[in-house]
2 protein chains.
Amino acid sequence: MMTNLSTGAERGPSVAVRPQGPARRRSATATRQAISEAARELFADSGFDAVGIRAIAARAGVDAALVIRYFGSKERLFLEVMTVDLPVAAVMDGPLESLGRALVEHVLDLSSSHAGTLAVTSLSALFRASERAPVQQTLRETIERAFAVPLVGRLRGGDAELRAHLIAAQIGGLLTSLHVVRDPVLGRADRASLAARYGAAIQRLIDGED
Amino acid sequence: MMTNLSTGAERGPSVAVRPQGPARRRSATATRQAISEAARELFADSGFDAVGIRAIAARAGVDAALVIRYFGSKERLFLEVMTVDLPVAAVMDGPLESLGRALVEHVLDLSSSHAGTLAVTSLSALFRASERAPVQQTLRETIERAFAVPLVGRLRGGDAELRAHLIAAQIGGLLTSLHVVRDPVLGRADRASLAARYGAAIQRLIDGED
DNA sequence: ATCGGTTTGTCAACAGTGATGACATCGTAT
DNA sequence: ATACGATGTCATCACTGTTGACAAACCGAT
């Protein structure tokens, strides 16, 4: 009868068993999480518009109406699931005189870790969906949190805030050239000269001597 | 025998707009152009996905099916209509030693001319639709044509091509921070210090001394 | 053990989309 | 005047995000 668990088998990795009570078949949190995971993967792969609610629901093993019920709308699901934090904090604390190069090297290395790849694809998806005002807001907050806040305190000289945001613009330019436009010249270039060249340009804003 | 566009182009030179009256359109080139204009405006305003072919057709005063008939698909219409060339050629020929600042000033001034605004909004729309491979290709060609080609011949020192593309990445970062993310810090900053700061960073790649 | 209420899931439907193909109409070469 | 190709209209398809009505499971109280 309903003690049968075979329904769960079709969804691959188990979806969080509730600690309390004997495996409930229906659990709001498990459903929410299944939808979240499915949406995160699909959105990161194909972007906002190319992924339908029915596809997300199918991957989560859930009815499409539940996706809306739990998250309100596809856009809110996207926002909740695609918030990303670039793991740059560690680099930001490094020595100031070589920070430009270190930042570029870190950005270049993102694609070689799983977490970094996820962050980059999510950021690309956010970027491409940025005609929506809330997405724009999320992007601004990401920039502020990842770049402006850690930098503005360390920069010496005038216009620290402006310089921090210009550095964010530079990193954003590198990221989009690499992963959005996929400039083949940057793809071919070797890590060392790329880090040296672009790192020097960023360093110019870090040093800030006029 | 092929119903193609070339035939229509050479056969109706007197297409212009009828001064008045509901005179039947009955001219392929006029219809095509009406659709083009409507699509360009709407796409630049709201991006690819937010604009439907029925809205384009309505603005052009045309049946929606004609949009597909004339352009094959909404994506092909987008590609044909959103090809943009940044009017940067003049700046690129200026003196090398102040090219960084000149480039930034030019980018900042784009929004104050009608043609510049159109170019910027079109470029933003292209960026946001860049999950589609043909759009990515268009973006790459735009970068190549507007930045890489004019620059690579003038840059002295090693890695000229790489440096040209990195400069393109910097300008792209500035453009997207300004018009895609709409970073409020950049919006508030005054033109002079923005041009000085970011111009110096770009100049670092132009000079290229290692 | 049975009620009542709340949570969770299912289903059909709606208005909208991009796209297609059948059909109607016009302009003109013969 | 007729025939034919070029141009325009219409209905329709499969699909989308979203909604509301309904059903089934769960839980506490009696």
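Quick caveat: nothing in here was measured; it's all calculated off a predicted structure. Within every chain, numbering begins at 1; the chains are lettered A, B, ... in the order of the sequence lines, protein sequences first and strands thereafter.
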Chemist: Just checking A:Phe71: base, sugar-phosphate only, or nothing, at a heavy-atom cut-off of under 4.0 Å?
Modeler: nothing
Chemist: Could you check whether B:Arg101 pairs with B:Glu105 (Lys NZ or Arg NE/NH1/NH2 to Asp/Glu carboxylate O, under 4.0 Å)?
Modeler: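 Here B:Arg101 pairs with B:Glu105 in a salt bridge, since their nearest N and O are under 4.0 Å apart.
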Chemist: With sequence neighbours left out, what residues match B:Glu161 under salt bridge (Lys or Arg N to Asp or Glu O under 4.0 Å)?
Modeler: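 If we apply the salt bridge (Lys or Arg N to Asp or Glu O under 4.0 Å) test to B:Glu161, skipping adjacent residues, there are no hits.
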Chemist: Find the distance B:Phe78:CZ to C:dA19:P and express it as a whole number of Å.
Modeler: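 The answer, rounded to whole Å, is 14 Å.
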Chemist: Looking only at heavy atoms, which two atoms of B:His179 and B:Ser111 are closest? And how far apart?
Modeler: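 For B:His179 and B:Ser111, the tightest heavy-atom pair comes out as NE2-OG, 3.1 Å.
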Chemist: CZ of A:Arg32 versus P of C:dG9: gap in Å, rounded?
Modeler: 12 Å
Chemist: Taking the minimum atom-to-atom distance to the side chain of A:Ala65, which one of D:dC10, D:dT7, C:dC11 wins?
Modeler: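 Closest nucleotide among those given: C:dC11.
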Chemist: Run the salt bridge (Lys or Arg N to Asp or Glu O under 4.0 Å) test against A:Glu75 and tell me which residues pass, sequence neighbours left out.
Modeler: A:Arg132
Chemist: Rounding to a whole Å, what distance do you find between A:Leu66:CG and C:dT10:C1'?
Modeler: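 A:Leu66 atom CG is separated from C:dT10 atom C1' by 8 Å.
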Chemist: Quick check: on DNA chain D, is the nucleotide nearest A:Arg69 upstream (toward 5') of the one nearest A:Ala64, or the reverse? Name the residue that is more 5'.
Modeler: A:Ala64
Chemist: Where the side chain of A:Arg40 meets the backbone of A:Val81, is there a donor-acceptor pair that is under 3.5 Å apart?
Modeler: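 Yes, A:Arg40 side chain to A:Val81 backbone: donor-acceptor pair under 3.5 Å.
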Chemist: Could you check whether any side-chain heavy atom of A:Ser36 comes within less than 4.5 Å of a side-chain heavy atom of A:Arg32, counting everything from C-beta outward?
Modeler: no
Chemist: Can you tell me if B:Thr31 touches the phosphate of D:dG8, counting only side-chain N or O atoms and a distance under 4.0 Å to OP1 or OP2?
Modeler: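 For D:dG8, OP1/OP2 do have a side-chain N/O of B:Thr31 under 4.0 Å.
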Chemist: Do any N or O atoms of the protein come closer than 3.5 Å to N or O atoms of nucleotides 14-18 of chain C, and which pairs are they?
Modeler:
residue	atom	partner	partner atom	Å
C:dG18	OP1	B:Val51	O	3.4
C:dG18	OP1	B:Ile53	N	3.3
C:dG18	OP1	B:Lys74	NZ	2.9
C:dG18	OP2	B:Ile53	N	2.7
C:dG18	N7	B:Arg54	NH1	2.7
C:dG18	N7	B:Arg54	NH2	3.4
C:dG18	O6	B:Arg54	NH2	3.0

Chemist: What is the distance, rounded to the nearest whole Å, between atom CG of B:Asp63 and atom C1' of C:dA24?
Modeler: 12 Å
